[in-house]
Amino acid sequence: MTAAKLHSDNVSISYPLKNGEEVIAVKDFNMTVKEKEFVCIVGPSGCGKSTMLGAVAGFQDISGGNLHLNGKPIKGAGRDRGVVFQQASLFPWRTALNNVIYGLELAGFPKQDRQSKGRELLKLVGLEAFENHYPNQLSGGMQQRVNVARALAIEPSLMLLDEPFGALDAQTREFMQLELLRIWEETKQTIIFVTHDIAESVYLADKVIVMTARPGMICEEVKIELPRPRPLELKRSPEFMEYEKYIWGLIVKEKEKEKQTV
Amino acid sequence: MNSVKVKEQVYNPTQSNNDQSNLAFPRSKTGKKKQKTLANILINYIGPITVILVLAIWEALYQTGVINPIFVSAPSKIVTVGYDLFQNGLLTENLLFTLGNFSVGFGVAAITGILVGLITGWYRPIGKAFDPFLTAMLGTPRIVLLPLITLWVGVGFSSKILIVFLAGVFPIILNTMTGVRNLDPNLTRVSKSFGASAIQTFITVALPGSLPQIVSGLRVGIGQSLVGVIAAEMFVSTGGIGYFVAQSSANFNVDRVFVGIIVIVIMGILITSSVKWIESSLMKHRVE
């Protein structure tokens, strides 16, 4: 058995409001991510899934519990985690290649090394012909490929993706999911992927963590035992739809409970 | 905003002649060729045509004696008088004097303005402390400080440089500061996520991210510095184009006044377009 890479033990996150009250965004979050595992966190908007990812990335302080990466508590952001952000977050003044090597530049790698590494990664995400293009010359899908390559460049121990395909059209999104699985298999990365798209989470993950809102809690952890590699046709298979329906049911049930309490 | 030249530069990347590149360049270059009718030529060159027309009417009015040569010069007079003044070196001498004052003053203003703007934008409390002074100074024509400056440093070289500096520095500070304050917080977060130190974030995000505003600050600053240098020369100087214009006017030499004004106009156009050129070469990624 591989050892736990990320360990979240009763993590809670709360914000102080201006009037002195506290808002609990995440409560009692328990999760274990193993080496090379693909974990999706799915839930309705406002359930605290992005906040939780922010805590793993180190942008967000936790207010209770323990959060360990490779046995060490997470304190602040660091190069051991590669983050792929939600919106367009490429530097508009840098070319695709220079965006990819940004992290290597900060880490002080020699120019030759980082350029060859950057080209290698652009090739991995299928954009080797676009290294001199600026982000606004690339389509949304291409931009997110560069974004993924940029996070991979620093060879992080954990990849964090925060609804990376949320802004893409449906066809591009499906294609990007397929691509991400290919990249994941090639690079043998460990991934935590946040999304509100149930089908996306089932298609990608080894394990889907379903969250509910107010306060953001885990409602269930669903193991996805679909064979890999997963072609896009898998999404039309009855087993896939069964998982999708099940997770959808969990979220709806929680929504209904919420209605009754309000 | 950008010139056609820039677009071409970016739209013809050397390696993108394959099919895929069409995805990134959805606009086709093969538009219908415009027919070269007379009307089209007129519309294309309406600017220069108007200028020539105005000059011709002006000259005609002068030649027919409709306008008084004591008060208004004529294009032909401006050219001949201007040529003579260049020949005897008087114009060049004054022009160099003005350009000297301007470039020293504006150079210092640009460096100071950008540095102060970056710092006040990055560190909010310092920026807040600066705000009242900035607001006061931006709303005031800085030329009003001229008597005070003359009192302090006299009428020499330094008084003009100081005025040029004061005229240009505030818009540069304000624009740079605004640029840094309005940085996309997402990009700052990206740099943080890659383990950037504060200084690294400053250099790799704040500086390039606020470049458009820095450049527009420089553009406003240049205009105001030009006003500053000419005005200062008119009031407290024994040299420079501003002085030349004021002096010629005092001597009722209206042709020389017009020559001086035209020189200032050309100088302004050249300096402003040089900023545009710098702007487009610095910001290749900004394709409309």
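Note: hydrogens, waters and symmetry copies are ignored here, and every other heavy atom, side chains too, is used.
- Chosen from S191(B), A196(B), G195(B), S193(B), the residue pairing most often with chain A at heavy-atom distances under 4.5 Å is S193(B).
- Using cut-offs of 30° and 60° for the angle between ring planes, the W122(B) and F202(B) rings count as perpendicular.
- Under the 6.0 Å distance and 45° angle rule, R150(A) counts as a cation-pi partner of F91(A).
- Residue S197(B): no heavy atom, backbone or side chain, is found under 4.5 Å from chain A.
- Looking at L174(B), I172(B), L166(B) one by one, the single match for side chain to side chain contact (heavy atoms under 4.5 Å, CB included) with F170(B) turns out to be L166(B).
- Under the 30°/60° scheme for interplanar angles, the aromatic rings of F106(B) and F102(B) are found to lie parallel.
- L106(A) touches chain B through backbone and side chain together, each having a heavy atom under 4.5 Å away.
- Highest contact tally toward chain A, considering only I203(B), L211(B), V190(B), is held by V190(B) [criterion: heavy-atom pairs under 4.5 Å].
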